[in-house]
Every structure is written in structure tokens, then in C-alpha cells.
Number of protein chains: 2
Amino acid sequence: MPVYSISHVENVRVCVVMVGLPARGKSLIAQKIVRYLSWLSIKSKCFNVGNYRREIAGVEDINAEFFDPNNKEGLKFRREAINLAIQDMMNWFSNENGVVGILDATNSTRERRDRILKLCRENLIEPMFLESYCDDQDLILQNILDVKTTSPDYVDKDIDFATSDFLKRINYYEQTYETMDQKTDSELTFIKLVNVNTQIILNRIESYLESRIVYYVMNLHIKPRCIWLSRHGESAYNLTGQIGGDSDLSDRGMRYAKKLPELVLKSLGEENKHTNLTIWTSTLKRTQQTASFLPYKKKLQWKALDELDAGECDGMTYEEIEKEFPEDFKARDDDKYEYRYKGGESYRDIVIRLEPIIMELERQENILIITHQAVLRCLYAYFMNVPQEESPWMSIPLHTLIKLEPRAYSTIVSRIKADIPAVSTYKEKGTSQLGESITGKNISKSRDLIKDSDVV
Amino acid sequence: MPVYSISHVENVRVCVVMVGLPARGKSLIAQKIVRYLSWLSIKSKCFNVGNYRREIAGVEDINAEFFDPNNKEGLKFRREAINLAIQDMMNWFSNENGVVGILDATNSTRERRDRILKLCRENLIEPMFLESYCDDQDLILQNILDVKTTSPDYVDKDIDFATSDFLKRINYYEQTYETMDQKTDSELTFIKLVNVNTQIILNRIESYLESRIVYYVMNLHIKPRCIWLSRHGESAYNLTGQIGGDSDLSDRGMRYAKKLPELVLKSLGEENKHTNLTIWTSTLKRTQQTASFLPYKKKLQWKALDELDAGECDGMTYEEIEKEFPEDFKARDDDKYEYRYKGGESYRDIVIRLEPIIMELERQENILIITHQAVLRCLYAYFMNVPQEESPWMSIPLHTLIKLEPRAYSTIVSRIKADIPAVSTYKEKGTSQLGESITGKNISKSRDLIKDSDVV
């Protein structure tokens with residue numbers, strides 16, 4: 001029998017039906033839910049009706065008038081787009097065993113929602129409505145600013161035109177908008193977010209999956225912040241090629257620890273140099289030694305950030321493992337995500353224990369996490385949406401600070417190298433050899449899946 | 001620096017102010033929150049205003065008229081009671097470093113709530129209102145049935161009198177009741193539960209602690225159900241006195257596995273013999289072998305149910321540990337809850353990884369968990385509110401099925417012994433010797449903190 005994570009208890013398929021006027025952050029929420037659930041190996045996909053509409057109606061001639069409820073041609077295209085999106089979603093549920101499909105559109109009238117409801121019920125899919133309601137003008141304007149600069153509808157268009165046209169479009173939607181109502185919609189499963197998370201109304205949230213989605217959405221915030229990730233400095237075990245253990249930093253590792261405060265300041269830039277960071281480390285010495293020169297007061301240790309437990313192989317080199325446990329060595333290369341060391345852990349196990357860390361990270365503001373290769377791969381995979389076949393094979397070199405800046409529709413990654421040499425701890429598939437010794441200046445090899453200043 | 005669990009990130013004190021008419025399940029919710037937070041080592045206490053009122057006004061002459069809003073003497077006593085409760089709570093916050101205090105009373109008028117709000121703010125305590133609103137007559141009657149048989153106000157009183165008097169009392173409260181309102185109370189932090197969890201309104205939930213309490217309350221249900229706990233059958237390592245590992249069952253352990261289906265049936269009783277149980281095991285062989293003869297289809301493996309990781313001591317006997325690591329051996333005896341094996345875990349670590357299991361257990365119905373000594377101690381501690389100084393020292397013998405029946409204000413525990421001999425794996429403080437070999441007939445020794453058919 002397979003090992004169950006907290007996320008696989010039920011056999012339920014959910015369609016999350018987004019509801020809300022344009023510029024209410026629906027797409028952002030939808031995409032974050034997909035990223036979070038995918039990271040937990042729950043098959044999820046977002047179906048954005050705007051993309052379908054652009055495909056069939058183009059973008060050239062689209063302006064606010066297209067969304068006038070009295071524009072018959074506009075209505076025809078828009079109806080066709082939603083039909084195509086729903087059709088694709090239903091096919092995805094049945095042909096690809098989808099678990100959570102998100103229908104990202106305004107779905108702003110009760111008539112539209114009733115149609116989706118009926119379709120879901122006919123296909124034995126649980127409908128859950130997720131409305132983002134917002135009447136805080138500052139929030140709306142901030143969102144419009146984001147949308148007009150990122151929306152595919154306004155590419156190459158004048159910014160002033162984009163703003164006024166978009167406001168007009170919102171106005172057309174407002175004419176027919178019916179918000180989810182505690183009385184009228186009391187029989188439906190829904191979440192209504194009012195002004196981001198100032199108020200949340202939950203109605204008939206019943207299944208486990210629904211309650212996970214609710215808890216995740218509850219914890220999201222939109223304050224700007226950054227997350228920094230670093231492996232510990234080079235350790236004594238890194239030098240001997242041993243895995244696991246609780247060794248001290250090497251001399252070069254200690255140099256990295258001493259240089260880390262400077263790297264952090266550099267990444268903050270002059271205007272933000274007084275930003276207060278919270279430092280999270282694992283319970284292992286090498287991460288705490290790496291954090292020891294950082295001038296920030298709040299330093300927390302988390303057992304959940306400890307390195308992947310290699311069980312019986314703890315303290316061995318890859319060569320020794322290949323020799324002593326050849327079958328295990330091969331099994332791990334064949335499926336590194338699922339392979340669990342005898343008496344130890346798999347990557348999947350790490351993801352399960354990191355889940356509360358991710359939830360807490362979503363709640364927090366500026367955090368610097370100093371942890372270990374496998375754990376860092378899993379954290380990075382969450383933020384950058386790396387598929388689980390790839391994440392255990394990512395190269396995350398020593399002596400490099402990674403900065404993540406979450407934006408509305410992207411995360412900006414930058415890397416700051418310490419220019420302090422360190423061994424490579426990267427083992428390629430099918431060999432027990434570690435990569436050649438690399439210096440801080442020479443770490444971006446082709447196997448390196450993260451690019452400098454990568455933007456996704 | 002200390003190790004932080006997910007629950008210790010902030011430095012916030014919260015006063016949960018219960019709101020709602022009598023017989024709306026307020027005390028049950030309050031007590032469950034205290035039990036859950038205490039288990040996570042978050043210092044919590046419930047202050048029940050009814051208890052203060054009984055202390056100052058007695059119960060002899062108390063009937064519904066006491067609660068008439070026009071009864072001046074009643075009002076005086078009731079005001080005194082709430083003042084005393086608040087005073088005690090504030091003293092507890094400041095003198096005993098309380099973190100979450102719960103004020104369990106109807107707090108049914110805005111005037112009363114405003115007073116509490118003001119007091120909290122003056123004392124730098126975050127007020128969070130938790131209203132249980134219920135207009136489902138079936139639910140209310142069910143609750144009244146519970147209350148009239150358990151309330152200290154109706155001890156030794158006629159059941160018919162109790163019912164009608166209690167209804168009258170509710171009626172008096174209804175005259176002045178003001179429910180929490182999304183508009184009027186929009187500046188307050190509150191959770192409003194409507195008809196148990198059919199609808200939930202969350203307003204300005206901001207801190208981490210508040211969001212944990214919300215998530216916990218969201219997952220509670222009131223359907224009757226049972227939880228069964230068992231250790232795996234006696235294992236090969238149990239016979240040799242070794243800890244940890246992943247050994248097979250001994251012959252006697254296998255006999256227990258074969259007998260387990262019969263024990264479960266016996267505990268269900270004739271009328272419930274077709275109840276469908278879900279089986280949860282750890283990922284270790286000995287728990288799966290123990291589950292292998294159970295006729296239930298749904299069997300899930302959880303890594304989070306694996307035995308405490310003894311790190312470098314895995315596979316050793318206590319005698320060997322005492323000899324090889326005498327200081328660690330003593331340190332563990334001195335503080336067994338906090339002591340973390342080198343490269344392994346502490347009891348506190350187990351509680352942190354069990355937290356999602358507890359949340360899932362609250363959501364589920366009939367579950368049989370087959371797991372390990374230390375894990376079972378932690379699970380049992382949650383359900384039975386065992387303090388953390390005691391829980392690592394509880395004796396939970398092999399070859400015994402424990403059944404927990406959660407009731408409104410108590411959990412009924414019963415134990416069914418398999419009458420198959422097994423070694424003792426109980427190590428008393430200050431010795432490396434295990435208890436003498438015990439048989440299934442002779443397991444309730446004085447060191448045994450769980451009593452047969454214990455009711456708490």
C-alpha cells in the first residue's frame with residue numbers, strides 16, 4: 001500500500017469556480033492554489049477563460065465595449081470561451097484524472113454560476129465557489145495598476161488608454177454582478193473573501209480538500225516582501241563527500257558565514273538596508289553556524305528544516321552506498337522523489353513535513369532560511385513551480401544566496417555568489433561521483449536549472 | 001536557542017471571548033481549544049463564568065428566574081461572577097505567562113463585549129470573539145439534552161423540571177441577545193460559527209495563533225464516533241530489548257494480529273458490528289503486519305505515525321545506551337519530553353509531526369490507529385489531556401486495544417486485553433531495566449496511568 005500524505009485521504013474531485021469583478025486578484029489566487037496543490041502532488045490545473053476568449057476573438061479589436069452586456073457579438077464570443085474552458089476542464093478531469101480544476105473567470109451572475117453548478121453535479125465533481133469581493137478603492141486601484149501592466153489584453157497599448165478602458169470594462173461587469181450571498185446561496189459550498197482577508201465567509205465547507213484550500217487562502221497576504229534561501233556553508237562532511245551527519249563548517253564554510261551579512265545587505269540595496277529579517281535555520285550545527293554572524297535578533301530553529309534523513313546511509317559517501325547497497329542506489333536514481341532511504345526519508349516525506357513551513361512562510365514577511373540541499377530544493381520547487389521529477393535533481397550550489405521576490409504573476413529570482421570556493425555536492429544520475437570542485441565564480445553549469453536573475 | 005515548533009512564532013496573548021445563547025456548545029468548543037493548545041505546549045486556560053456564579057450564589061435556589069434581565073439580585077451575582085472570572089484571567093496572563101485565555105460565558109450583549117474588549121486592550125491582550133450561533137432547532141434540543149444531564153446547575157433535579165427551566169432560561173437570554181454582526185462589529189476580530197460549521201464568518205483574523213484556532217475549530221464535528229488505539233504486536237526487537245529498527249512481529253505478536261479483528265468486534269458490540277473502520281498504520285513493518293488480518297478495506301500508512309527516531313541509538317538496548325552514552329541516558333531520564341536523541345527526535349518533535357494527524361482525526365469518524373509506544377503516548381495525551389511531564393512515562397502495554405469514545409464533556413476509555421503474553425517495554429526512570437515480563441492478564445500495575453474503563 002502506498003504511503004499517504006495528509007493530502008490523499010479522500011477520493012474527491014473539486015472544481016473551484018472563481019467569482020468576482022475584474023481586478024480583484026482572482027487569477028493570482030487561482031494560480032497560487034494550483035502551485036500549492038501541485039507541490040503536494042494533488043493534480044490541479046487552472047482554466048483561464050480570458051485566454052480562451054483571446055484565442056477565439058483576438059486582442060486587436062478588444063476594448064471595453066466588447067464587455068457591454070448589450071453587445072451581442074461580444075456575448076457570443078464570451079459564451080463560446082466559457083464553454084470551451086469548461087469542456088477542456090471536464091475532459092481533463094476524466095481523461096487525465098484531474099483532482100482540482102479552477103475555472104478562472106468573473107462568473108459574476110447567478111445564472112452563469114447555476115449553469116456551472118449543474119455541469120459539475122452531472123459529472124460528479126464538487127463545485128466550490130471562491131469569490132474575491134472588494135470595495136476598498138485603494139486595493140482596487142493597486143490591482144488595476146498591476147493588471148494594466150501585465151494583462152495580455154493591453155500589450156502594446158497606451159497606459160492611459162489601458163486604465164480608462166479597463167475601468168469602463170469593470171463598470172460593464174458591475175451592471176450585472178451578483179455577489180455570493182449568505183441567504184440566497186446558502187445551499188452552495190463557497191468561500192467569500194472580502195477586501196483580501198479582512199473578512200472571510202465560509203459556507204458548507206465539507207471535504208478535506210476544500211478545507212485545505214480554505215486554510216491556504218486564509219493565510220495569503222499581499223504585502224510586498226522577500227524570501228532569501230541559502231544552504232549552510234561548506235561542512236566537514238561536504239569535504240569528505242559524506243552525506244547527513246551533524247558536522248561543523250569547514251574553514252571555507254566559516255568564511256561564507258562571515259560574509260553572509262554582507263551578501264544580505266547587498267541584496268537589500270541601499271534604500272532597504274535597515275529591513276528587519278527573521279532567520280530560520282534547521283536544528284543542525286552547520287546551519288546555525290552559518291547564521292551566527294547575521295545581525296538580526298529573531299532566529300528560529302525548525303526541526304522540519306533538517307536535511308533529508310538518509311537512515312542507514314547516514315554518514316556514508318555515495319561511493320560507499322553504491323558498493324554496499326547497489327540496488328537501493330539504483331532505485332534512488334530511478335525515482336529520486338519517491339525513493340526512501342532504509343530507515344530514512346524520501347523527497348516526498350520532506351514535502352509533507354515542509355507543508356506547515358510553507359503555510360507559515362505565506363503568512364510571514366521577510367525571512368532568510370538557512371537549510372540543506374534537499375530541503376532547499378523542495379522549498380524552491382514550491383516557489384518556482386518546479387515539477388517533482390525535476391526538483392530532486394536541481395543544482396543548488398554552496399556559498400550562494402538566493403533571493404525570491406514574489407510579484408503578482410511571477411517570482412523574481414536573483415542569486416548572489418559569495419566568491420568563496422566550495423566543493424560540489426551535486427551527484428549526477430547514474431554515477432556516484434560528485435561534480436568537480438567548483439569555485440564561487442564558476443557555478444552556473446548547464447545542469448543548473450536555476451538561471452541567474454531568472455524570472456518565471 | 002530553543003527549537004521552535006510551528007506554534008511559537010509570535011509573541012501574542014489572546015483572549016478568546018465566547019459568545020452565544022445557552023446550549024450552543026460553547027463550553028465544549030472552549031474545552032477542546034484548551035486541550036489542543038495545551039498539547040502543543042501553548043499555555044491555555046478556560047475561565048467558566050458559570051462556575052464562578054455557582055461559587056458565589058450557590059445552586060440550590062437557582063432557577064430560570066435568576067436569569068430574568070429584570071431580576072436585580074440575579075444581575076448583581078452575574079456581574080460579580082464575570083468580574084471575578086476576568087480578574088482571575090488577567091492575573092493568570094500576567095503572573096503565569098498565560099498565552100490563550102478563554103472566557104466561557106454567554107457574553108450575549110454588545111455592552112458586555114465592549115467592556116471585555118476595553119479590558120483586553122488595556123492589558124495588551126488580543127481579544128478574539130468566538131460566537132456559536134444556532135437556529136437549527138434539532139441541534140439546540142440535542143444540546144439541551146446533553147446540558148440538562150451534565151450541567152452542575154441541574155444535579156439532583158427532576159429531568160422534566162430541568163428541561164423546562166433551562167428553556168425558560170434560554171428565553172430570558174434571547175430577550176437581550178445581540179449576535180455578532182458583519183457590519184456593526186466589523187472592527188473586531190471574530191469567528192462566528194452558524195449551526196455548528198455549516199457557515200463560518202471570519203473577521204480580521206490576523207495573528208498566527210488566531211488562525212490556528214480558526215483552523216482547528218473549522219475541523220471539529222459533532223457526529224458520534226470512536227477512535228481505537230493499539231501498539232503493534234510484540235516484535236523481534238521487543239524480545240531482545242532493542243529500540244527502533246524495523247523488525248517483524250514475534251510469534252506472539254503475530255497471534256495478537258490474528259486476534260485483533262475479534263477484539264475490535266467485541267469493542268463494537270453486537271448492534272454496531274457492521275461499523276466500517278479506517279485503519280491507519282505507520283510505514284514500519286510491525287504495524288502493517290499487525291493490521292494485516294483486519295477485514296476493513298481502507299488502510300492508510302502515515303510516515304508521521306512512525307516510532308520516535310532514536311538516531312544514533314537506533315537498534316540498541318537501554319543497557320547499551322546507558323553504557324555507551326551515560327550522560328545522554330541521564331539527560332533523557334531528567335527531561336524525557338524535551339530530550340532529543342543524537343540525530344533523532346524528542347517527544348516534542350513527535351507532537352509537532354502528529355499535529356496534522358490530530359487535525360485529520362478531528363475531521364474523520366471511526367479510525368483504528370496501529371502505531372508505536374511513544375507515538376501512542378502522544379496521541380493518548382491529546383485525547384485525555386495528559387500533561388507533558390507525565391505523557392512520556394505512561395505505560396501503554398503491548399497486546400491491548402484501547403477504545404476512546406469522545407462525549408460532550410468527557411472521553412470514555414475502555415481497554416480490551418488480548419490475553420496473549422508479551423514482554424514489557426516499559427522502562428522506569430533511573431534504570432535501564434525493562435519491567436518484568438507481563439502477561440495479558442496482568443498489565444494494570446500501579447505505574448499504569450491509564451485505568452481500565454477510565455472516564456475523564
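A note on names: the letters A, B, ... follow the listed sequences, proteins ahead of strands, and every chain is numbered from 1. These values consider heavy atoms only, across backbone and side chains, with no hydrogens, waters or symmetry-generated copies. Source: prediction; values computed, not measured.
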Checking heavy atoms, do the side chain of [X], its backbone, both or neither come under 4.5 Å from chain B?
{"X": "A/E312", "result": "neither"}
{"X": "A/N203", "result": "both"}
{"X": "A/D306", "result": "neither"}
{"X": "A/V214", "result": "side chain"}
{"X": "A/R353", "result": "neither"}
{"X": "A/N219", "result": "side chain"}

I'd like to know if the side chain of A/K192 pairs up with that of A/T179 as donor and acceptor (distance under 3.5 Å, no hydrogens or angles considered).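 Result is yes, a qualifying pair exists.
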
Excluding sequence neighbours, so at least two apart, what forms side-chain hydrogen bond (donor to acceptor under 3.5 Å, both in side chains) with A/Q242?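 So A/Q242 forms a side-chain hydrogen bond (donor to acceptor under 3.5 Å, both in side chains) with A/T240.
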
Please check this pair: side chain of [X] against backbone of [Y], looking for a donor-acceptor N/O pair closer than 3.5 Å.
{"X": "B/K303", "Y": "A/S346", "answer": "no"}
{"X": "A/H232", "Y": "A/A257", "answer": "no"}
{"X": "A/N195", "Y": "A/D136", "answer": "yes"}

Do B/E307 and B/R286 sit within salt-bridge range, that is, some charged N less than 4.0 Å from a carboxylate O?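 So B/E307 does not pair with B/R286 through a salt bridge.
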
Heavy-atom pairs under 4.5 Å with chain A: which of B/D309, B/T198, B/D246 has the most?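 Top option by heavy-atom pairs under 4.5 Å: B/T198.
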
